[in-house]
There are 2 protein chains.
Amino acid sequence: MHITRYTDYSLRVLMYLALKDDELSTIREIADSYGISKNHLMKVVQELNNKGYLQAIRGKNGGLRLAGAAEAINIGALVRDTEQDFALVECFGEGDGCVITSACQLKRVLGEALESFFAVLDQYTLADILPGGKARVMTRLLNIG
Amino acid sequence: MHITRYTDYSLRVLMYLALKDDELSTIREIADSYGISKNHLMKVVQELNNKGYLQAIRGKNGGLRLAGAAEAINIGALVRDTEQDFALVECFGEGDGCVITSACQLKRVLGEALESFFAVLDQYTLADILPGGKARVMTRLLNIG
DNA sequence: CTATAAGATGTATTTATTATATATCTTATA
DNA sequence: TATAAGATATATAATAAATACATCTTATAG
């Protein structure tokens, strides 16, 4: 049971930008800070841009910044938005071949559990995972000026 | 976000055996009923046997049956037991390379969400996902005697 | 007005994980 | 003692995810 790195990186980018406040950051800078693939991060950033989580400013002296306040970005919504596939077992998706699907209650039960998972995430915003006292520590860990 | 087929098949095997009551079923028969890989199912069955969920009887006229009552098999416990890896994001596992792990609260939040996921599954037993009225339908779908 | 630094996009490759297949061994019973 | 069942180990295939590469677009500094 995993969440893709795609979603993980989405969260990390937004955390980074939240710590930088209004200052612009480049993709290269963020990739270097975390030591992860710049190319992969580009696609993550583009999706976050398309979905309105951040602003991407092209051209020389361009860069990225959060589109709004960290308090306005809900973790549950973000994870639902970036993670693509919540088909926990075969019968959730298309092309289900399980012969008992029509009578089996497993899907309903797992669906309920998944809702409960998100209900917890829905209680937190980006600001909550960067709590006050810890923000300074994270800023240092990322070498953000 | 997925649960492996390994876990899915574990659940299906136990459902099958629950529907057959005390009668023995063979791996071949279960694999054929669901139209899935017999070889893969063998490993699933062996783990279920090792963990005490079912009894495997070797030799001619052997087969499988539930070790206890369907009411005694908790879905949450079963999923925890068969699904191997709950490292939702990188920082849950070993070899975590994320530089902000020590200050970041994401792991705690995702951990809480995962607990909530299982808290729901913990409320159900194998018997609950084969409810009375539906059991007959499932028996027909599986072509069980 | 042009060189450069930034993001945007599409495709290809690599890697990791999951699923399946094959082969051989063990056990029990007719 | 032949056969039908599960047990075990290894190998291969399929799928999904992550990363790399190449090229295009945009904006600003000089």
Side-chain angles (χ1 to χ4, degrees), chain A residues 1-10 12-13 17 23-32 34-65 67 82-90 93-95 97-98, chain B residues 1-10 12-13 17 23-32 34-65 67 82-90 93-95 97-98:
Chain A
M1 203 167 160
H2 284 276
I3 281 174
T4 61
R5 260 173 220 211
Y6 200 91
T7 298
D8 189 5
Y9 290 175
S10 296
R12 293 200 211 175
V13 166
L17 297 178
E23 206 182 323
L24 291 181
S25 313
T26 67
I27 292 178
R28 168 182 302 280
E29 171 195 338
I30 300 174
D32 287 350
Y34 286 114
I36 63 184
S37 159
K38 185 189 141 211
N39 303 286
H40 197 204
L41 211 55
M42 281 202 154
K43 302 196 177 159
V44 170
V45 163
Q46 280 154 41
E47 192 183 325
L48 290 172
N49 184 27
N50 290 337
K51 294 195 164 148
Y53 288 102
L54 55 75
Q55 284 188 315
I57 296 156
R58 287 182 169 200
K60 203 165 181 176
N61 298 332
L64 313 168
R65 75 172 145 234
T82 50
E83 186 78 8
Q84 331 229 46
D85 185 359
F86 295 105
L88 288 179
V89 289
E90 192 182 352
E94 293 167 30
C98 181
Chain B
M1 204 167 160
H2 284 275
I3 282 175
T4 61
R5 261 173 216 212
Y6 200 91
T7 298
D8 188 5
Y9 289 174
S10 297
R12 292 200 211 175
V13 166
L17 297 179
E23 206 182 325
L24 292 181
S25 313
T26 67
I27 292 177
R28 167 182 304 278
E29 171 195 338
I30 301 174
D32 287 351
Y34 286 114
I36 62 184
S37 159
K38 184 190 141 210
N39 302 287
H40 197 203
L41 212 55
M42 281 202 153
K43 303 196 177 158
V44 170
V45 164
Q46 279 154 42
E47 191 184 325
L48 290 172
N49 185 26
N50 289 337
K51 295 195 163 149
Y53 289 103
L54 56 75
Q55 283 188 313
I57 296 157
R58 287 182 170 199
K60 203 165 181 179
N61 299 332
L64 313 168
R65 74 172 146 234
T82 51
E83 187 76 10
Q84 331 227 45
D85 185 359
F86 295 104
L88 288 179
V89 289
E90 193 182 351
E94 293 167 31
C98 181

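Protein chains get the first letters and strands the later ones, always in sequence-line order, with residue 1 at the start of each.
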Practice task
For Lys43(B) and for Glu83(B), locate the closest nucleotide of DNA chain C by heavy-atom distance; then report the residue assigned to the nucleotide nearer the 5' terminus.
Solution key: Glu83(B)
Practice task
Under 4.0 Å between any heavy atoms, over every strand shown, what does Lys38(B) touch: base, sugar-phosphate, or nothing? Just pick one.
Solution key: nothing
Handout entry: Polar contact flag, side-chain donor to acceptor under 3.5 angstrom, Gln84(A)-Tyr6(A)
Key = no
Completion exercise
note: Asp32(A), atom CG; dA6(C), atom P; distance rounded to Å ~ 12 Å
Practice task
Check whether any side-chain N or O of Thr26(A) sits under 4.0 Å from OP1 or OP2 of dA5(C), and answer yes or no.
Solution key: no
Exercise for the section: Quick one: label Ile27(A) by what it contacts on the DNA or RNA (base, sugar-phosphate, nothing), any heavy atom closer than 4.0 Å. Expected result: sugar-phosphate
Handout entry: Of the listed nucleotides dA5(D), dA6(C), dT3(D), the one nearest the side chain of Lys60(B)
Key = dT3(D)
Handout entry: Assigned partner base of dT29(C), Watson-Crick or wobble definition, under 3.5 Å
Key = dA2(D)
Problem - First encountered from the 5' end of DNA chain C, between Met42(B) and Asn50(A) - result: Asn50(A)
Exercise for the section: Give a yes or no on whether the backbone of Arg12(B) and the side-chain of Tyr34(B) come within a donor-acceptor separation of less than 3.5 Å. Expected result: yes
Exercise for the section: Among dA20(D), dA7(D), dA8(C), find the nucleotide with the atom closest to the side chain of Val45(B). Expected result: dA7(D)
Exercise for the section: Take atom CG of Leu48(B) and atom C1' of dT8(D), then tell me their distance rounded to the nearest Å. Expected result: 16 Å
Problem - Heavy-atom closest contact (Ala67(B) atom, Gly52(B) atom, distance) - result: CB-O, 3.3 Å
Handout entry: Gap between atoms CG and P, on Asp85(B) and dA16(C) respectively (whole Å)
Key = 15 Å
Practice task
Provide, to the nearest angstrom, the distance between the CG atom belonging to Asn49(A) and the P atom belonging to dA6(C).
Solution key: 17 Å
Practice task
Taking all heavy atoms of Glu83(B) and all of Met1(A), pick out the closest pair and write down the distance.
Solution key: OE2-N, 3.0 Å
Practice task
Look at the side chain of Arg58(B) and decide which nucleotide, out of dA5(D), dA7(D), dA20(D), has an atom nearest to it.
Solution key: dA7(D)
Exercise for the section: Identify the residue among Thr82(B), Thr4(B), Leu54(B) that makes a side chain to side chain contact (heavy atoms under 4.5 Å, CB included) with Ser10(B). Expected result: Thr82(B)
Practice task
Measure from OH on Tyr6(B) to P on dT15(D) and round the result to the nearest Å.
Solution key: 21 Å
Fill in the blank from the handout: Sorted by position of nearest nucleotide on DNA chain D, 5' first, the leading residue of Tyr9(A) and Gly59(A) is Tyr9(A)
Exercise for the section: May I ask you to say what Asn61(B) touches in the nucleic acid, namely base, sugar-phosphate or nothing, with a heavy-atom cut-off under 4.0 Å? Expected result: sugar-phosphate
Fill in the blank from the handout: Taken to the nearest whole Å, NE2/His40(B) to P/dT12(D) is 18 Å
Practice task
Measure the distance from CG on Leu24(A) to P on dA6(C) and round it to the nearest whole Å.
Solution key: 11 Å
Completion exercise
When rounded to whole Å, the CD to P distance for the pair Gln55(A) and dA8(C) reads 12 Å
